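A short worksheet on the structure shown next.
Side chains are part of it too, since the values below use all heavy atoms of this structure and drop only hydrogens, waters and symmetry mates. Bear in mind that the values here come from a model prediction, so they are computed numbers and not experimental data. Residue indices begin at 1 and follow the sequence shown.
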Amino acid sequence: MRILKYCFLSVIFISTSLFAQEPTSTKPQGHTDQNKFRQMKDLLATPNETRTASGAPGYKYTQQQVDYVMDIRLDENTSQIFGDEKITYHNNSKDHLQYLWIQLDQNMRAKDSKTPDVKEESFKTPFNSAQSFTKNNLQERFDGGFNIEHVKNDNGSDLSYTINQTMMRINLAKPLAPGDTFKFEIKWWYNVNNHVTQGGRSGYEAFPDGNNTYVIAQFFPRLCVYNNVEGWQNMQFWGRSEFALEFGNYDVKLTVPADHKMEATGELQNPKDVLTKEQIKRFELAKKSFKDPVFIVTQEEAEAAEKQRSTKLKTWHFKADKVRDFAFATSRKFLWDAMAVDINGRSVMAISLYSKEGNPLWEEHSTRVVANTLEEYSKLAFDYPYSKAVSVHAEMGMEYPMICFNYGRPNEDGTYSERLKRGMIGVITHEVGHNFFPMIVNSDERQWTWMDEGLNSFVETLAELDYDPNYITGNLPKDIVPYMGGDQSNISPIMSQGDYVHQFGPNAYTKPAAGLYMLRQTIMGPELFDYAFRTYSQRWMFKHPTPADFFRSMEDASAMDLDWFWRGWFYTTDYTDIGVKDVKQYYLTDKPTESAKERAKRFKMDLADYPGRFIYYAEAVDGVIPQDAKSASDFAELNTYLESLSPEEKAKLKEAPKHFYEVTFEKPGGLVMPIILEITYEDGTVERKKYPAEIWRYNEFEVKKVFKTNKAITSFVIDPDLETADVDTSNNVWPKDDATAFSKFKEKVKG
């Protein structure tokens, strides 16, 4: 029995020598081993008491709080906004603060703004229309910067300050000690820009009927973030990379024309002063309607209102707790509808404001999309904590706590294309979704655009597919292929500060979203991913996470080492390209092969001394199996060994395979990824196998796998559903002359 066991082990040892050798180098000439699986300790900050190695906030984590009491007045005749704000700054850090930094975002539009100076200019277009020539050469630059009337202490005395472009430093008479508060006041005004003709994330749109719709944000001086990672986050605002803000409580009074309708961040405190009894009644009905929106202001009523212009004023009073910003929208043109959304047993209001120019598209979809977004995001992240989410019709896409501004305007006759409808659904989903990232999970948009845009675009994709399973999201791995396979000199790593990236959209939105979709669907699986993603989201609700906190949380909650993925997808511009390099077919024989003889020499064995003892694998020439090929039952030594097994051991054996293949996979691309393989057999049946990315850990250029089957294999296809953003699919199919397999695959690629 011992001899039989030895013989059998020898059979296995010799016969598998072709297939289970130690990894050998197949490194292309000139390539160096970069160890794609090395840990990221060289890239991530060292954990400490404020941010733990698990990705959670540490026991010494702190963040500041800033409270605002504001009186705001909109002058519709001049399109100017006047503000008086009282600020209470809470120093919750352990540091003594010598000064405070404030963002003056509107100064990007000041006459002396440096923003135009950093933009490249050329005569790429050598001719202009009269309109564009006037705009580019004759019009005086619009002055939309802040006019600071005064900065005072809470006792009324002047406070020293210094303005550096879009930043203002408040110079404190003495350092603000840990645990202390500082109160001061700023009075200011500025000219509101026309966001349609002059661009911007805030402003007004002028309509031919003489009315404007105002969507107003970044309209007040706002405190910068002071955190445990870098102190003050006071990067200049150049117009693209967005904001980093502290949480706080807001008490805001907004004075506008009496015939305007308004929505804003927070809860309306004085509905009886600004709404009619009928409008209040309708809103109460909307709170009980979970299926269809209820009109608070109908189109007929909005059309009647826009034909007149009140000279009186009304003040709307809103309060909001634990928000990082404040925005509002106001116009006499607005229709207004709302419906309730059930978020885990709690009612939240989905609301839309839009002019008649948005109908019928907005009436049909806006509020319903808001509701769907709140439901879907709450499933993946956390229950939406605020009382409402508002979608406002404006020709842009921009987000703020509880309110966002979205595009989507039909033709004048009310018709619209399917593409426009999809675009509107997408932008509303995206901007409402920003309530979660970064309005609650409060990442730093100024530095890491992908942490809000990319994460949000990923969850948006899932929400859109829930709203419409046939929705074309544009955020799937296959959608990022043209970008990743493009000119490498025009691509930046995701982990780049937002103002310095090439191709901002793919870099900040699509590539992170596609990567996370791949991580969920292909690498981790939905169950592991969703738990880890919820863990990250709930750990960092109402806090300031960094990229390291996200990376560490995802690994900590899933027991998966994903450093290879973060390093490759986020820190490099490498791309995926995996192919079938070679397929060899083997058969069984009792005659020693040359490779078996060479292998035996390493162990000082002469195979001639073991006649009939071993089973050999021989390579088929041009895939042709010779007539004298053996089957497993032809080997007496094997039969004897099998007969020696107990009934229990025999019951665990499977049928001996008849077909043997050795497949060599190559990886010309720089990224390591799982190998997703579709195998088609001669009887038409199809099998899927997925090999983890770690298959490349010893050799990142090529690896081999063996397939032992009872049915002949007719084709191999790598990544049949385009899950890994493979930039070159010409090497994904074997055999290359298999017209059926290749044509089916190419149809998916085109689709």
Side-chain angles (χ1 to χ4, degrees), residues 55-56 289-293 322 338-351 365-391 399 401-402 404 425-443 451-476 509 512-543 545 549-550 553-554 556-558 560:
S289 177
F290 290 86
K291 184 178 180 181
D292 295 306
K322 211 171 185 180
M339 66 181 285
V341 190
D342 184 353
I343 303 297
N344 200 18
R346 186 175 62 87
S347 291
V348 174
M349 296 306 296
I351 299 169
H365 292 286
S366 178
T367 299
R368 292 182 174 88
V369 175
V370 173
N372 180 74
T373 304
L374 295 178
E375 291 170 345
E376 294 307 308
Y377 275 67
S378 294
K379 292 176 186 175
L380 200 60
F382 44 77
D383 288 354
Y384 183 68
Y386 296 133
S387 63
K388 68 181 182 183
V390 183
S391 170
E399 72 280 356
M402 304 187 213
C404 56
I425 291 171
V427 77
I428 293 175
T429 302
H430 183 88
E431 306 306 344
V432 172
H434 270 308
N435 275 288
F436 293 79
F437 311 96
M439 299 303 152
I440 296 170
V441 180
N442 191 16
S443 58
M451 285 197 75
D452 70 292
E453 298 297 356
L455 265 65
N456 183 44
S457 295
F458 158 68
V459 187
E460 170 200 348
T461 298
L462 301 183
E464 288 165 347
L465 292 173
D466 180 81
Y467 189 80
D468 178 358
N470 298 314
Y471 192 88
I472 302 173
T473 71
N475 289 327
L476 300 180
Y509 293 71
L516 294 177
Y517 189 89
M518 185 191 310
L519 201 61
R520 182 179 191 263
Q521 302 300 125
T522 304
I523 297 170
M524 298 178 71
E527 183 178 359
L528 277 179
F529 179 94
D530 291 355
Y531 182 86
F533 193 80
R534 278 193 298 272
T535 298
Y536 162 74
S537 302
Q538 293 172 14
R539 279 177 174 176
W540 291 97
M541 288 178 69
F542 302 110
K543 293 182 176 68
D549 300 319
F550 176 67
S553 289
M554 292 299 293
D556 180 66
S558 66
M560 289 194 71

Requested in this report: Please round to the nearest 0.5 Å and tell me the distance separating atom CG of Leu380 and atom CG of Asp530.
Outcome: 5.0 Å

Report task. Using a 4.5 Å cut-off on heavy atoms from C-beta on, say whether the side chain of His434 contacts that of Cys404. Result -> no

Query raised in the report: So how far is it from Asp383 CG to Asn344 CG, rounded to the nearest 0.5 Å?
Result: 4.5 Å

Requested in this report: Could you check if a side-chain atom of Thr429 sits within less than 4.5 angstrom of a side-chain atom of Tyr467, using non-hydrogen atoms only?
Outcome: no

Requested in this report: Under the side chain to side chain contact (heavy atoms under 4.5 Å, CB included) rule, what do Ile428 and Ser366 come out as? Steps first, then yes or no, please.
Outcome: CA-CA 7 Å; Ile428 293 175; Ser366 178; 3.7 Å; yes

Query raised in the report: Which atoms form the tightest heavy-atom contact between Ala350 and Ala371, and what is the distance?
Result: CB-N, 3.9 Å

Query - Spatial distance of atom CG (Leu516) from atom CE (Met554) [nearest 0.5 Å] - result: 7.0 Å

Query raised in the report: Under 30°, 30 to 60°, or over 60°: which ring-plane class applies to Phe437 and Tyr377, parallel, tilted or perpendicular?
Result: tilted

**Report entry** Side chain to side chain, Asn372 and Asp466, heavy atoms closer than 4.5 Å
**Finding:** yes

Report task. Would you name the heavy atoms of Trp540 and Ala56 that are closest together and state the gap between them? Result -> CZ2-C, 3.8 Å

**Report entry** Residues in salt bridge (charged side-chain N to carboxylate O under 4.0 Å, His left out) contact with Glu376, at least two apart in sequence or another chain
**Finding:** Lys379

Query raised in the report: Where is the tightest heavy-atom contact between Met560 and Leu528, given as atom of each residue plus distance?
Result: SD-CD1, 3.9 Å

Report summary line: Between Met524 and Ala532 the two heavy atoms that sit nearest each other are CE-CB, 4.5 Å

Query raised in the report: Any side-chain heavy atom of Leu455 within less than 4.5 Å of one from Tyr536?
Result: yes

Query raised in the report: Looking only at heavy atoms, which two atoms of Pro545 and Val441 are closest? And how far apart?
Result: CG-CG1, 3.7 Å

Query raised in the report: So, the side chain of Asn435 versus the backbone of Val432: is there a donor-acceptor pair under 3.5 Å, distance only?
Result: yes

Report task. Would you give the length of the straight line joining atom CD1 of Ile425 to atom CD of Glu460, rounded to the nearest 0.5 angstrom? Result -> 11.5 Å

**Report entry** Contacts of type side-chain hydrogen bond (donor to acceptor under 3.5 Å, both in side chains), residue Ser553, not counting sequence neighbours
**Finding:** Arg539

Query raised in the report: So, Glu453 versus His430: side-chain donor-acceptor pair below 3.5 Å or not?
Result: yes

Report task. Could you tell me the separation between the CZ atom of Phe529 and the CZ atom of Arg520, rounded to the nearest 0.5 Å? Result -> 7.0 Å

Query raised in the report: Does the distance from a Lys or Arg side-chain N to an Asp or Glu carboxylate O, for Lys543 and Asp549, drop under 4.0 Å?
Result: no

Report summary line: d(Glu464 CD, Asn470 CG) to nearest 0.5 Å is 13.0 Å

Query raised in the report: Would you call Leu462 and Tyr517 a side-chain contact if the rule is heavy atoms closer than 4.5 Å?
Result: yes

Query raised in the report: Considering only heavy atoms from C-beta outward, does the side chain of Ser378 approach that of Phe382 to under 4.5 Å?
Result: no

Report task. Looking only at non-hydrogen atoms, find the nearest pair between Ala338 and Met349 and report the distance. Result -> CB-CE, 3.9 Å

**Report entry** Min side-chain heavy-atom separation Glu399-Asp452 under 4.5 Å
**Finding:** yes

Requested in this report: Dump the intermediate steps for ring pair (Phe, Tyr, Trp, His ring centres under 6.0 Å) on Tyr386 and Phe436, then the final yes or no.
Outcome: CA-CA 10 Å; Tyr386 296 133; Phe436 293 79; 9.2 Å; no

Query - Verdict with supporting geometry, Val370 and Ile351, side chain to side chain contact (heavy atoms under 4.5 Å, CB included) - result: CA-CA 7 Å; Val370 173; Ile351 299 169; over 6 Å; no

Report task. With the side chain counted from C-beta on, respond yes when Phe542 and Ile440 share a heavy-atom pair under 4.5 Å apart, and no when they do not. Result -> yes

